[in-house]
Amino acid sequence: MFLPCLLAAAGAQAQWLVPPPQLPVSDGLWRGSGGAAATVSSGNTDGAAVSLSLDAVQATPEHRITLGGSLNYGRSELDGEVQTTADRWNASGRYDLNLTPRSFVYGRGAVERDRVIELDRRDTVDAGLGWKLVDRADANVSVFAGLGRSVDRYSRPQTIADRSASRFARTTLTLGEESVHRLTPAVELRQRLDVAPTISGDRTTLVRFSSTLAVALNTTLGLTVTLSDQFNSRPPDGVRRNDLTLFTGLNLKFGPQPPEPAAASVPSR
């Protein structure tokens, strides 16, 4: 369990602010999952890391609500010097209102904090239109577009593109695509891409991509492996543009489990 826990603690730093989509179940009941991972090392380098995550979804034929959040912390000690390697939390929510069986309007908001890069708080809101290109029991593919607003506040002035300030704000265009494919009754592949180019304000383009393979071990326990990448075209000085991580861990599901698709009947001879 050491390797999954280590990767989970490191990779949770770049989880999606809004949880990956799941195949829709429109009965109005809340469902979700929670995960936790921790690792402790001792020797030439002492270290500890812990990560927690939670997401919940409620859907009816008229609307869909998605809530999520995560918390992760890590530190290491070498030759008596303690360094914080992760100290971040985020929370998010999204509301989809169906206009037709294939179209919807959405609104979402998120807040996050990352003390390692001295980000006191980032508030993000956006809203727009979406279209369901594929909507089946075994697959769901949607695209969406809208407008958003993002405000970053730092604990001390940062330099971004030759401008020094502790607050940066922008209005953005939001373009996205997300999909879920049920490969087998126990295996799902989830994917999301978000692109947010700036229309006005501080000229920064954020791109987020995530792909998750989820394997159900039983009705309540599952294994997930997620590859995620976050790109910031203009980060503060000393912060890299790209943040690529791998996350793997165990999740515990809660809420009533959706029924499995009925197997095709075999005619008797």
Side-chain angles (χ1 to χ4, degrees), residues 13-22 24 55-59 62-70 88-114 117 119 121-135 140-154 160-161 167-180 190-212 226-236 239 241-245:
Q13 299 179 47
Q15 290 187 54
W16 286 97
L17 296 180
V18 176
Q22 299 178 3
D55 66 82
V57 178
Q58 186 234 33
E62 292 78 27
H63 71 258
R64 176 184 175 95
I65 302 173
T66 306
L67 304 175
S70 68
R88 178 181 180 181
W89 63 264
N90 65 65
S92 62
R94 171 171 162 174
Y95 180 78
D96 297 352
L97 177 64
N98 294 324
L99 301 177
T100 71
R102 291 287 185 175
S103 63
F104 60 92
V105 293
Y106 77 90
R108 60 180 176 177
V111 57
E112 63 177 311
R113 182 174 184 175
D114 191 339
I117 62 173
L119 178 65
R121 182 165 169 170
R122 172 178 290 148
D123 298 316
T124 305
V125 294
D126 69 296
L129 292 170
W131 298 266
K132 301 175 185 179
L133 304 181
V134 179
D135 191 15
N140 182 269
V141 181
S142 300
V143 295
F144 54 90
L147 294 175
R149 182 71 174 172
S150 180
V151 179
D152 301 346
R153 297 178 178 87
Y154 291 89
I160 301 178
R167 181 183 182 275
F168 298 86
R170 65 198 67 88
T171 300
T172 64
L173 176 67
T174 301
L175 303 171
E177 177 268 338
E178 59 187 19
S179 65
V180 184
R190 312 167 190 165
Q191 177 267 327
R192 174 183 279 122
L193 174 66
D194 273 283
V195 182
T198 296
I199 298 176
S200 65
D202 296 300
R203 294 291 173 177
T204 298
T205 297
L206 295 177
V207 180
R208 293 187 176 99
F209 171 80
S210 178
S211 181
T212 299
T226 299
L227 177 67
S228 64
D229 187 30
Q230 180 170 304
F231 174 79
N232 185 339
S233 65
R234 291 186 176 183
V239 178
R241 291 186 177 185
N242 231 53
D243 185 9
L244 180 67
T245 57

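- Annotation: side chain of R121 is not in contact with side chain of R113 (no heavy-atom distance under 4.5 Å).
- Residues L129 and L99 meet the side-chain proximity criterion, which asks for heavy atoms closer than 4.5 Å.
- Atoms CZ and CG, on R149 and D126 in that order, are 13.0 Å from each other to the nearest 0.5 Å.
- The two residues N90 and S70 have their closest heavy-atom pair at ND2-OG, 2.9 Å.
- A salt bridge is defined here as a Lys NZ or Arg NE, NH1 or NH2 lying under 4.0 Å from an Asp or Glu carboxylate O, and R108 with D194 meets this definition.
- Separating the CD atom in E177 from the CD atom in Q191 is a distance of 4.0 Å, to the nearest 0.5 Å.
- Across all their heavy atoms, Y154 and R122 have their closest contact at OH-NH2, 4.2 Å.
- Across every non-hydrogen atom of S200 and T198, the tightest pair is O-CG2, 3.2 Å.
- Side-chain contact between L193 and V207 is present, with heavy atoms from C-beta onward closer than 4.5 Å.
- With rounding to the nearest 0.5 angstrom, the CZ atom of F144 is 9.0 Å from the CG atom of D96.
- Of the possible donor and acceptor atoms, none in the side chain of D123 sits under 3.5 Å from a partner among the backbone N and O of V111.
- Among all heavy-atom pairs drawn from T174 and L147, the shortest one is OG1-C, 4.3 Å.
- Side-chain atoms of T66 and D55, non-hydrogen and from C-beta on, never get closer than 4.5 Å to each other.
- Distance check, rounded to the nearest 0.5 Å: CG of L119 to CZ of R153 gives 10.0 Å.
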Show your working on side-chain hydrogen bond (donor to acceptor under 3.5 Å, both in side chains) between S142 and E178 and close with a plain yes or no.
CA-CA 5 Å; S142 300; E178 59 187 19; 4.8 Å; no

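- What you find for N98 and F104 is that their closest heavy atoms are OD1-CB, 3.7 Å.
- At least one donor-acceptor pair closer than 3.5 Å links the side chain of R102 to the backbone N or O of L133.
- Separation of atoms CZ (F168) and CZ (R203) is listed at 15.0 Å; rounding is to 0.5 Å.
- How far CG of D135 is from CG of N140: 5.0 Å, rounded to the nearest 0.5 Å.
- Pairing each heavy atom of L175 with each of A145, the nearest pair is CD2-CB, 3.8 Å.
- Note on R170 versus D152: salt bridge recorded, some NZ/NE/NH1/NH2 to OD/OE distance being below 4.0 Å.
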